[in-house]
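Written below as structure tokens is the structure these notes are about.
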Number of protein chains: 2
Amino acid sequence: MEVLAKCPLFKGIDNEGISQLLNEIPYQIKKYEKGHMIAQSGEECRSLMIMLKGSVKGEMMDYSGKAIKIEDIEPPKPLAIAFLFGENNSCPVNIVANNSVEILHLPKKSVIELMQMSSHVLKNIMNIISSKTQFLSDKIRFLSFQTIRGKIAHYLLQLTGPVNGEMILTKSQEELANMFGVTRPSLGRALRDLHNENIIEAKGKSVKIINRELLVKQLKK
Amino acid sequence: MEVLAKCPLFKGIDNEGISQLLNEIPYQIKKYEKGHMIAQSGEECRSLMIMLKGSVKGEMMDYSGKAIKIEDIEPPKPLAIAFLFGENNSCPVNIVANNSVEILHLPKKSVIELMQMSSHVLKNIMNIISSKTQFLSDKIRFLSFQTIRGKIAHYLLQLTGPVNGEMILTKSQEELANMFGVTRPSLGRALRDLHNENIIEAKGKSVKIINRELLVKQLKK
DNA sequence: TTGACGCTGTAACATATGTTACAAAATCAG
DNA sequence: CTGATTTTGTAACATATGTTACAGCGTCAA
């Protein structure tokens, strides 16, 4: 259970403290296989889940059933914490196992008890939910403003920081396109255009920023 | 201060209880004129704000400086509560006074004290932040999936519930277009198209759903 | 090696939306 | 009522993105 010490929920508490807390409340550990849908969009959230092993993805459905991936979640991060409470505590995304997964389930009631028992947990949960909100806000900015070129620019600049070196994309064009909410050919075309305009050098999964200044300008469109 | 009793932050606490809580902690009430920017995107959030009078809007800037409105907030709702905590507690939106506004400011420290003093406040804050997260999730769904026709359909269906009557839009096309993140002529064209296809009957601010079934189908595109 | 498979590159075409501009209609202040 | 101002209707055109289809290319397992 050492992974729990790294979980942001228990930040600032030592292993012994965590054990003491968990002794006082009920919890469950469940295992899921790759592809299993752990929570379904619209379902009520009844427990806080903490990733122990493996990785899951959160994805949203549009009305026609097409999914777009929102994010990957890996240990020791908590899941669905922001949807436990609230007027309508239903999960807004599908959560699907990317591979073999182990998850700790804490019933909502236990979570409330934890917050009352430990001011550390209280502050940590506040931090986690707030960060989540900010993540979503960023996502909104990302989705609402930008062209494909802008999204690529945003993504590459964020990835590299201030350095200009070559980088190898770890995601396929298909995955990137999903993240951006665009189609694969459109993404490919945009990459090619940027390449032809000598703003980046893209070949396969390798991408290099040639003209950082012009790339930044893409953000404005 | 009776408005505070209606504030979700103090739900379940009577007037006397609220007075007692507020006696123990420092707070400020500030007034702002129409158009005043109360908080600026990127600024650190230092205090929780509760609307007492008037209304404000939250808007986001894109990189080119164009703003889109995210939401209006009116008394007795709290403001920026979800951005007080978190790793990077900077405000993601501009908050601008729609008219003459009075706002109660509670410093972050006071908020933490409040949560420790009152389990009601604790639960209320959890609920508020969670609802906020869900609001943003919905916004993401709204922004990431839909065409203009889809957004119109979503908006109209949400507005009317299951009834088919005529309704008068309270927002101008300009405002709606901003909400949707599209341009005014494009919105107008989409409305006209839907009208010509006998799905809705739109004339000025009056809109009537003619063929609900076909309108629902627009969501799928 | 070879064939299957998945990823990438790309093209032709369809469509949705933005841009700009202006006229018609509605609203409002005096 | 009247003129000014805001809102709406609309058109022509530019652009971005989606759709569909297929060819090339690497990789991996048999």
Side-chain angles (χ1 to χ4, degrees), chain A residues 62-69 142-156 167-197 199-208 217-221, chain B residues 34 62-69 98 142-156 167-197 199-208 217-221:
Chain A
D62 69 3
Y63 291 95
S64 64
K66 194 175 74 176
I68 71 166
K69 186 163 87 177
F142 191 68
L143 284 170
S144 48
F145 287 123
Q146 316 213 136
T147 60
I148 296 187
R149 292 167 74 104
K151 290 176 189 190
I152 294 173
H154 182 100
Y155 183 75
L156 291 181
M167 54 200 140
I168 306 296
L169 299 179
T170 56
K171 296 176 192 293
S172 72
Q173 280 191 12
E174 183 75 41
E175 286 179 297
L176 273 188
N178 280 339
M179 262 189 55
F180 292 176
V182 302
T183 59
R184 206 238 344 138
S186 296
L187 179 66
R189 173 170 42 200
L191 281 170
R192 173 161 43 89
D193 291 348
L194 288 171
H195 178 103
N196 289 338
E197 295 166 31
I199 297 175
I200 63 174
E201 206 173 285
K203 176 123 183 76
K205 280 191 189 301
S206 152
V207 177
K208 192 170 167 184
K217 278 202 184 144
Q218 305 305 314
L219 293 172
K220 312 214 173 172
K221 292 191 190 154
Chain B
K34 174 172 179 171
D62 70 2
Y63 290 95
S64 65
K66 197 175 72 177
I68 71 168
K69 187 162 86 176
N98 282 331
F142 192 68
L143 284 170
S144 47
F145 288 123
Q146 316 212 137
T147 61
I148 296 187
R149 292 166 74 106
K151 290 176 190 189
I152 293 173
H154 182 101
Y155 183 76
L156 291 180
M167 53 200 141
I168 307 294
L169 300 180
T170 56
K171 295 176 193 294
S172 71
Q173 281 191 13
E174 183 75 40
E175 287 179 296
L176 273 188
N178 279 339
M179 262 190 55
F180 291 176
V182 302
T183 60
R184 207 250 327 153
S186 296
L187 179 66
R189 172 169 44 199
L191 280 170
R192 173 162 42 91
D193 292 348
L194 288 170
H195 178 103
N196 289 338
E197 294 167 31
I199 297 174
I200 64 175
E201 206 173 284
K203 175 119 183 80
K205 280 193 188 302
S206 152
V207 178
K208 194 170 169 183
K217 277 202 185 146
Q218 304 306 315
L219 293 172
K220 312 212 173 176
K221 290 187 190 158

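A, B, ... follow the sequence lines: proteins, then strands. Residue 1 opens every chain.
- For A/S206, the side chain to side chain donor-acceptor pair (under 3.5 Å) test picks out A/E166, with sequence neighbours left out.
- End-to-end axis angle for the helix from C/dT1-D/dA30 to C/dG30-D/dC1, using five pairs per end and rounding to 10°, comes out at 40°.
- In this structure, B/Q218 atom CD and C/dA16 atom C1' are separated by 13 Å, rounded to whole Å.
- Rounded to an integer number of Å, the gap from CG of A/L176 to P of D/dT17 is 15 Å.
- Rounded to a whole Å, the CG atom of B/L194 is 14 Å from the P atom of D/dT10.
- Contact between A/L187 and A/Q173 at its shortest, heavy atoms only, is CD2-O, 3.4 Å.
- Regarding contacts with the backbone of D/dT8, a side-chain N or O of B/K205 is found under 4.0 angstrom from either OP1 or OP2.
- Using a 4.0 Å cut-off, some side-chain N or O of A/S186 falls inside it from OP1 or OP2 of D/dG18.
- In this entry the distance linking CG of A/L187 with P of D/dA16 reads 15 Å, nearest Å.
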At a cut-off of 3.5 Å, list every protein nitrogen or oxygen paired with a nitrogen or oxygen from nucleotides 9-12 of chain C, distance to 0.1 Å.
{"residue": "C/dG9", "atom": "OP1", "partner": "A/G204", "partner atom": "N", "Å": "3.3"}
{"residue": "C/dG9", "atom": "OP2", "partner": "A/Q173", "partner atom": "NE2", "Å": "2.6"}
{"residue": "C/dG9", "atom": "N7", "partner": "A/R184", "partner atom": "NH1", "Å": "3.0"}
{"residue": "C/dG9", "atom": "O6", "partner": "A/R184", "partner atom": "NH2", "Å": "3.1"}
{"residue": "C/dT10", "atom": "OP2", "partner": "A/R192", "partner atom": "NE", "Å": "3.3"}

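- Listed by chain and number, the residues in a ring-ring contact (aromatic ring centres under 6.0 Å, His included) with A/Y155 are A/F180 (sequence neighbours excluded).
- B/E174 places its CD atom 16 Å from the C1' atom of C/dA26, with the value rounded to the nearest Å.
- Between the CD1 atom of B/I148 and the P atom of C/dT19 there is a distance of 11 Å, given to the nearest Å.
- Across every non-hydrogen atom of A/A190 and A/I152, the tightest pair is CB-CD1, 3.7 Å.
- Sorted by first and then second residue, the salt bridge (Lys or Arg N to Asp or Glu O under 4.0 Å) pairs with a member in residues 179-194 of chain B form an empty list; sequence neighbours excluded.
- Atom NZ of B/K34 has 12 or fewer heavy atoms from other residues, nucleotides or ligands within 6.0 Å.
- Once rounded to the nearest 0.5 Å, the distance linking CD1 of A/I148 with CG of A/L176 reads 11.5 Å.
- With sequence neighbours excluded, the residues that form a side chain to side chain donor-acceptor pair (under 3.5 Å) with A/E197 are A/R149.
- For the atom pair B/K208 NZ and B/I199 CD1, the distance stands at 16.0 Å (nearest 0.5 Å).
- Between the CG atom of A/N178 and the P atom of C/dT8 there is a distance of 12 Å, given to the nearest Å.
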